[in-house]
2 protein chains.
Amino acid sequence: MITSTTDPQPADFADVRATNLAVVLRSVREHAPCSRADIAASTGLNKATVSSLVADLIDRRLVRETGLTENRVGRPATMLVLDGSPYAAIGVEVNVDYVTAVAVDLSGERLLSWRRSFPGATTTAAEAVATVAAIVRRVANRMAKEERQVLGLAVGVPGLVGADGTVRIAPNLGWRDADLCGDLTKALRDPGFPVQVDNDANLAALAEHRFGPRAGTANLVYLTGEIGVGAGIVLDGRLRRGGQGYGGEIGHIQLDPLGAECRCGRLGCLEAVAGIGAVLEHAALSPAEVQIELDEVVRLARAADSRTLSTLATVGHHLGKGVAMIANLLNPEVVILGGYYVPLAPWLLPALEAELRGRTIAPDAGGCQVVASTLGYGAAALGGAARVLDSVDPGRLPRIS
Amino acid sequence: MITSTTDPQPADFADVRATNLAVVLRSVREHAPCSRADIAASTGLNKATVSSLVADLIDRRLVRETGLTENRVGRPATMLVLDGSPYAAIGVEVNVDYVTAVAVDLSGERLLSWRRSFPGATTTAAEAVATVAAIVRRVANRMAKEERQVLGLAVGVPGLVGADGTVRIAPNLGWRDADLCGDLTKALRDPGFPVQVDNDANLAALAEHRFGPRAGTANLVYLTGEIGVGAGIVLDGRLRRGGQGYGGEIGHIQLDPLGAECRCGRLGCLEAVAGIGAVLEHAALSPAEVQIELDEVVRLARAADSRTLSTLATVGHHLGKGVAMIANLLNPEVVILGGYYVPLAPWLLPALEAELRGRTIAPDAGGCQVVASTLGYGAAALGGAARVLDSVDPGRLPRIS
DNA sequence: CTAATTTGTTTGGCCGCCAGACTAACTAAC
DNA sequence: GTTAGTTAGTCTGGCGGCCAAACAAATTAG
């Protein structure tokens, strides 16, 4: 049955068509290369209907016929794949110490992936807008050169982002009430594509949900391991933001009333006792510096330096407390550690898992697995692109025929 | 656009029809009494379509014409209301100290509401099945006498309930791996209606979502204040259970590493430091006894007994920590305190709110309001009925014409 | 070369929504 | 009391999209 997520809206034929277009497009994405007959079989749609829908998608240049078929009995099938070439989606992540930009095509192929150092903590929102706009212009130009139409841009920011794309508070960037979405649109001067802004953890969760090794997992939580710690929550297959869009703010939940002081002024926040700052000796600012310190920590851990191992175990235990909260409250299938947690995962996970299993009421932690992200540092930016792709409504794209 | 929650399923005309039937039914429920023209205006459906859909619903005895109209210019309208009479939904809550059963009609009118003491802590699952079956049989007989068809039964239990209706663990009842749903179905011997089992907090959240003063709020969390504490989480308009259905287990999240020992063996669980047991002098077993103690606490609080006020403030502060976690992670519009918290709310809320506001990163706690439930002790049972009503697919009910 | 097999298109039918015309029933005002 | 105005609900025809089934196409097996 058709179920609308919010207020039930009446349906008509256009909806049926749009739904089925999306179904077929998704089927191609997941099973490519595949034939029309395969699609009909796997979706349950009639062969004739699939033919019509595929023709529509080909008209819109979302799908392409690729050569013929294998050697087997019967008429050879014309295989279909996503047509990556005519479109691109751009994702950008602004963080405390770096900016990342990626562009992907419809099939999720990464067209480019840039990362540059960025003094976020000392940059105003207005300056950041200029920087991001410059990067986006360069990406857009590159896409134009490849004759790709840019479908949209989504920017991830570590902070509270309202539904309208306004950054309410970004503690680690020092921004308040910055209309990033509006200003960026203005700075790009009629960019010809929609601009969205979202929380970085939300976008990273989307990236895992679409591109990660556990893609498609209906319930997953992504934990950013940047200077700040945030959670992106996917439940029942969709990102959940809460009423005002401020969900996932796990970083300032108190884990230890006697813990270290957090930059937010409270004591023992998860971010303070289990953030990357609790691992590194002193808070470095440039990603290069953080990277150097991080490499050093990894080296020491490999060398079984006892002080390092104990620090990492402590952080792992604290992180386990946070993950246990998530597991108890939300019971996700997977919790994914991202950012700087990734290289440290081998030493964090044992303590984390012990804590998790000891603190969850459900047996075996409710089946909750904890893994390190494999998407690299650009997860949030990639997630921005994923969000753009998610918002592609196949029925709305221009027809060429 | 039509959006399916899980894997996208193809749509056809039957789906359009089913969707629109549900839209019209819901419109009648929310705006009753109303005319066909009202429905067309509020849903955007064509007048002709609405007429056809309404005729269908009348055939299925879900909707009834009720007299004519007021005095105003133009042709008088024939008003429509939900036809409560032919159907009933049954909800039951099994808890540590009582069992509640309610039956409601389609419009949510309570047909009956029973509550009886029940020694849950010393009762095996098998005995409970017999007790519940007996109650349900009596309710079903009563409904049969009123010539109502029972649409279904949902039973709420304080514990982990799997997707198949198996009670994995109910700590406060002492049950493990009880196939409550299956056994109950067997005990009822071909009841002629579907039987579901769910967590009590989940059902109570559904009750608030459908029948409470904040009905329709897209993001709300219900906190049970029974012997145990659990959360029911509604996000984006639907109950979210997580991967295995074990979400909402907030009761055993550690709030205070130095806190009192919980019956689960850990220290400082929310349930131990902010459950009803932390308010009452000693854990009483029968609801009558709990009620007497509770009344005494309320009396003392009214009389401004300093020890009582300080106890309630402490519990309120702890509860505030828990609610702050929820607000930070999920950003709901409302958190509803239920069960035994309700009569204590006037003294709990000030401390709770102070803690909440101090611990949430979003300004003004992300717009999160905390209120006491007004649905009474039968919230979970009522929610069971709500769950049955939610699963009513208007297209599936028999046509009479 | 024929049979078997599989793909994808064509045809006709059906169903449900919509727009607009039309009928129905009432109020208001002259 | 008659006429105009207003609102409710039904009827008709058209359209769009899905489906079943027949058919055409392209290949392998024997």
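Naming convention: chains lettered A, B, ... in sequence-line order (proteins, then strands); numbering from 1 in each chain. On a predicted model such as this, the values are computed, not experimentally measured, just so you know.
- Annotation: the span from A:Phe193 atom CZ to A:Leu153 atom CG amounts to 5.5 Å, rounded to 0.5 Å.
- At the heavy-atom level, A:Ser35 lies under 4.0 Å from the strands shown only through sugar-phosphate atoms.
- As a whole-Å value, the separation of B:Ile39 CD1 from D:dT7 C1' is 16 Å.
- If you check D:dT10, D:dG9, D:dA29 against the side chain of A:Val73, the one that comes closest is D:dA29.
- A side-chain contact (heavy atoms from CB on, under 4.5 Å) with B:Ile39 is found for one member of B:Val24, B:Val23, B:Leu53, B:Leu45 and no other, namely B:Val24.
- Separating the CD1 atom of B:Ile58 from the C1' atom of D:dG9 is a distance of 12 Å, rounded to the nearest angstrom.
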TODO: Could you walk me through whether B:Ser52 and B:Arg17 pass the side chain to side chain donor-acceptor pair (under 3.5 Å) test, one step at a time?
DONE: CA-CA 10 Å; B:Ser52 155; B:Arg17 188 69 174 177; 2.8 Å; yes
TODO: Report the C-alpha distance between B:Arg148 and B:Ser85 in whole Å, list the side-chain angles of each, state the deciding distance to 0.1 Å, and finish with yes or no for side chain to side chain donor-acceptor pair (under 3.5 Å).
DONE: CA-CA 6 Å; B:Arg148 291 176 189 275; B:Ser85 61; 5.8 Å; no
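- The side chain of B:Thr78 places an N or O atom within less than 4.0 Å of a non-bridging phosphate oxygen (OP1 or OP2) of D:dG9.
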Task: Worked verdict on A:Arg241 versus A:Asp198 for salt bridge (charged side-chain N to carboxylate O under 4.0 Å, His left out) - done: CA-CA 10 Å; A:Arg241 296 184 167 80; A:Asp198 205 335; 2.2 Å; yes
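- At whole-Å resolution of the value, CE in A:Met79 and P in C:dT6 are 15 Å apart.
- For D:dT27, the base has no donor-acceptor partner in the side chain of A:Arg75 [N/O atoms by modelled type, under 3.5 angstrom].
- A salt bridge does not link A:Asp236 with B:Arg238: every distance from a Lys NZ or Arg NE/NH1/NH2 to an Asp or Glu carboxylate oxygen is 4.0 Å or more.
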Just the atom pairs and distances: protein N or O near nucleotides 14-22 of chain C's N or O, under 3.5 Å.
residue : atom : partner : partner atom : Å
C:dC17  : OP1  : B:Asn20 : ND2          : 2.9
C:dC17  : OP2  : B:Arg17 : NH1          : 2.6
C:dC18  : OP2  : B:Asn46 : N            : 3.2
C:dC18  : OP2  : B:Thr49 : OG1          : 3.1
C:dA19  : OP2  : B:Asn46 : ND2          : 3.4
C:dA19  : N7   : B:Asn46 : ND2          : 3.1

